[in-house]
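Structure first, commentary second.
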Amino acid sequence: MKLVALLLTLLQQPQDTVQLKPVVVTATRSSIPAALVPAAVTVLRGSELEARGVRTVAQALSLVPGAHVLETGSFGGQTALFMRGGENDYVKVLVDGVPLNQPGGAFDFAHLTTDNVERIEIARGPASVLYGSDAMTGVIQIFTRAGLGPLQAVADVQAGSYGSNRQAVQIHGGTSRLGYSVAASRFAAEGLYPINNQYRNSVVSGRLRFTPDERTEASLSYRYGDDIYHFPTVGGGQPADSNQRSAERGPLASLTVRRALGALELTAQGTLRETRQLLNDEPDSPGEDGTFWSNDYVRRAAGGLLLTWRLAGWTALSAGVDYEDERQRGRSEFSASFGTFPDSIRVRRTNAGYYAQAVLDALPVTVTAGARIDDNSAFDTHGTFRVGAVYRPRAGTRLRASFGTGFKEPTFFENFARGFVLGNPDLDPERSRSLELGLDRTLVGGRLTIAATLFNQQFRDLIDFTNSPPPGAPNYFNVPGATSRGAELEAEMLVTPAFVAGLQYTYLYTRVDNAGADSSADALFVPGKPLLRRPAHSLVPELGITLGAHARVIVNARWVGSRDDLDFNRPAGSRRIRLDPYTHLNLAAEYTLRRLQLSAKLENVFDDQTAEIAGFRPRGRTVMVGGRVTVGR
């Protein structure tokens, strides 16, 4: 969605009537103008997200075409992203090049905040040719603020509904040679339910950029998150547990060094992601029988080299190698009067990826092509590719097309589980194949932009679970797959220098092609039925208004159409239901007076209580008010 970037840029600079053409990195792993990229790319600026009162990356993604974000109600509740109809583990998420996904692709967006974010790049469509596993339907990369300009310190305090409160500080600055940024924040809330629904999220992050000369740049990033979430809900959504809680904490770090050698550019990067994941559920009362706990440590360590040969214009040839080491160890135990059942896991998986890419820029056509081979210790070798082209017949018009494949490795549990559930070490990776066509037009002297994208995807070798496998057989199997196709439409208009309007619409059609391991009416994959929790229609209108020299107001609505889901409060065999559409109207306002900014945000203005997920309460009308003070030149 380009509207987010355009909207606040124009609100901050109402005299500017020229649409920005950002340079992006994620689409090709090297700098290139977004106008030359054949896939759909959205860039969100961190400063703009702050002005909108956007605290989490999930909130930002909810306004991106093709992206459907689902929250299990309360602050900190599990939050999933379905991109273009894919599964909720089909998008690779990175911070400064560090993968955040669990091995096998899973990622909970509930705790990922916009603290110290310079920009977020969202590339839709399969991107495994550059990023390997997990990039089935897209890549999201978050770049930490590098720091440039005079030293500034910012303090931010907010409070609002459900006992929520936030405190944050930032310090950033630097020169062309040395830049720095440091930020810390703490968010807490009491939650939706009167019992056991507290949430706390603490984040510390920083980045140091060093440029000793015009040919060399080094960057060191670090981020540490500490989250704890108390949740009373059971699988069907009822608040029936007074002491169930989960926690996750750990660091990520990356070191990137770039060196230009004439027309050649060498990039070396090392990354590390570690998490400690805890889950506890003791008896709720003295008479209750059963206790469960688990404690897991997960580590993803990786390194890579990329060599790029830059020719005339934006023409470039690239070749690279990635190596990753994934590990998990942990223990869990269920104990009750009828016995104690301990379990443990200690597994490791490695992957080496070799890829090459060519970008040929020959006006009015730009062609991109790439291929990759991954050598994985669990499933041997796997190949992916991507080709695309952009045609610009005249100024203000862009035609684009791309075709590519992606893959996702199984989770450790799917491969190696032992005990009540038996993993399958012979699973194949899940695969995707996608065709995308797009048209972008700029009209009315650059004040009106429209964009249309059509996509068609096939998902194959999906991993399914069965409760009743044959004796001695694993619980996980590959099943044939599903189809997803649709359209993303965008329009944005600078009506006046102080008034911006935009509209986005996403149409999505999904269909299960073949039955999975479970053939019941309550199965995840029922032939001929749509994939669960994917709305066929979603609509996002938005208005931005500047009021004088100090105030601005942003109004947007998010309408999500009906979709299938499973309601586990219903009898077996009748759990598949159709959820009603819902509408959330949101308002954000900001008033700036010198170094003080006062802000207010009202979400779900009409308190729409329609369920987003079957059985779970949604968050109702939510108010947040606060102030931000900036000290420095």
Side-chain angles (χ1 to χ4, degrees), residues 70-80 88 102 106 108-111 161-165 186-202 225-250 275-298 330-345 413 417-421 465 467 475 522 533 565-572 574-575 577 609 611-620 622:
L70 273 178
E71 298 179 318
T72 51
S74 192
F75 295 105
Q78 187 171 6
T79 303
N88 60 6
Q102 296 293 305
D108 185 357
F109 280 87
H111 316 303
S161 306
Y162 303 108
S164 58
N165 61 87
R186 182 184 186 276
F187 177 84
E190 294 300 317
L192 291 176
Y193 300 97
I195 61 167
N196 194 42
N197 203 204
Q198 301 84 10
Y199 173 61
R200 189 198 72 232
N201 167 257
S202 301
D226 186 352
D227 319 299
I228 184 167
Y229 176 54
H230 296 253
F231 56 105
T233 50
V234 294
Q238 292 78 28
D241 200 307
S242 64
N243 57 16
Q244 189 174 210
R245 60 199 183 276
S246 64
E248 182 175 316
R249 61 180 63 96
T275 58
R276 179 75 66 181
Q277 302 163 10
L278 309 170
L279 177 64
N280 286 82
D281 187 13
E282 295 96 3
D284 295 291
S285 62
E288 185 177 351
D289 192 14
T291 297
F292 177 79
W293 63 265
S294 66
N295 185 338
D296 287 275
Y297 166 80
V298 181
R331 290 175 51 82
S332 63
E333 181 179 284
F334 175 77
S335 59
S337 60
F338 52 85
T340 299
F341 304 91
D343 200 358
S344 63
I345 185 172
F413 200 73
R418 296 292 182 270
F420 290 111
V421 174
F465 172 83
N467 279 315
N475 294 82
D522 299 334
R533 299 181 176 176
D565 203 351
L566 295 178
D567 186 351
F568 290 94
N569 299 306
R570 298 167 63 92
S574 62
R575 290 173 176 165
I577 62 171
Q609 293 292 313
E612 297 183 37
I613 301 175
F616 286 84
R617 285 179 54 189
R619 193 162 66 243
T622 305

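What you see below is based on every heavy atom in this structure, not just the backbone, and it leaves out hydrogens, waters and symmetry mates.
- We find the CG-OG distance between D227 and S202 to be 7.5 Å, quoted to the nearest 0.5 Å.
- Between F75 and Y162, the ring-plane angle classifies as perpendicular under the 30° and 60° cut-offs.
- Residues forming a ring-ring contact (aromatic ring centres under 6.0 Å, His included) with F465 (at least two apart in sequence, or on another chain): Y476.
- One finds the CG atom of L278 at 13.5 Å from the OH atom of Y297 (value rounded to the nearest 0.5 Å).
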Distance-only criterion, 3.5 Å: show the donor-acceptor pairs between side-chain atoms of residues 229-238 and protein atoms not counting sequence neighbours.
{"residue": "H230", "atom": "ND1", "partner": "N196", "partner atom": "OD1", "Å": "3.2"}
{"residue": "Q238", "atom": "NE2", "partner": "N569", "partner atom": "OD1", "Å": "2.0"}

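- The side-chain hydrogen bond (donor to acceptor under 3.5 Å, both in side chains) test applied to D108 returns no partner, not counting sequence neighbours.
- Applying the side chain to side chain contact (heavy atoms under 4.5 Å, CB included) rule to R533 yields the partners L70, F82, D565, I613; only residues at least two apart in sequence or on another chain are considered.
- Minimum interatomic distance between R331 and W293 (heavy atoms only, all atoms of both residues): O-CZ3, 3.5 Å.
- Between P618 and Q609, the shortest heavy-atom contact is CG-O, 3.6 Å.
- Annotation: side chain to side chain contact (heavy atoms under 4.5 Å, CB included) contacts of Q102 (sequence neighbours excluded): A106, T275, Q277, V298.
- A distance of 13.5 Å separates OH of Y193 from CD of Q198, quoted to the nearest 0.5 Å.
- S574 meets the side-chain hydrogen bond (donor to acceptor under 3.5 Å, both in side chains) test with no other residue; sequence neighbours excluded.
- When the side chain to side chain contact (heavy atoms under 4.5 Å, CB included) test is applied to P342, the partners found at least two apart in sequence or on another chain are E333, T340.
- The CG atom of L192 sits 9.5 Å away from the OG1 atom of T72 when rounded to the nearest 0.5 Å.
- In this structure, N475 has no side-chain hydrogen bond (donor to acceptor under 3.5 Å, both in side chains) partners at least two apart in sequence or on a different chain.
- Taking OG from S74 and CZ from R619, the interatomic distance works out to 7.0 Å, rounded to the nearest 0.5 Å.
- The ring of H111 has its center no closer than 6.0 angstrom to the ring center of F187.
- Contact detail for A110 and G77: the closest heavy-atom pair is CB-O, 3.2 Å.
- Residue pairs satisfying the salt bridge (Lys or Arg N to Asp or Glu O under 4.0 Å) criterion with at least one member in residues 239-248, sequence neighbours excluded, are listed as follows: R245-E282, E248-R273.
- Applying the side-chain hydrogen bond (donor to acceptor under 3.5 Å, both in side chains) rule to S332 yields no partners; only residues at least two apart in sequence or on another chain are considered.
- Residues passing the side chain to side chain contact (heavy atoms under 4.5 Å, CB included) test with F568 are L566, R575, sequence neighbours excluded.
- Within the structure, salt bridge (Lys or Arg N to Asp or Glu O under 4.0 Å) contacts touching residues 193-202 (residues at least two apart or in different chains) are R200-D226.
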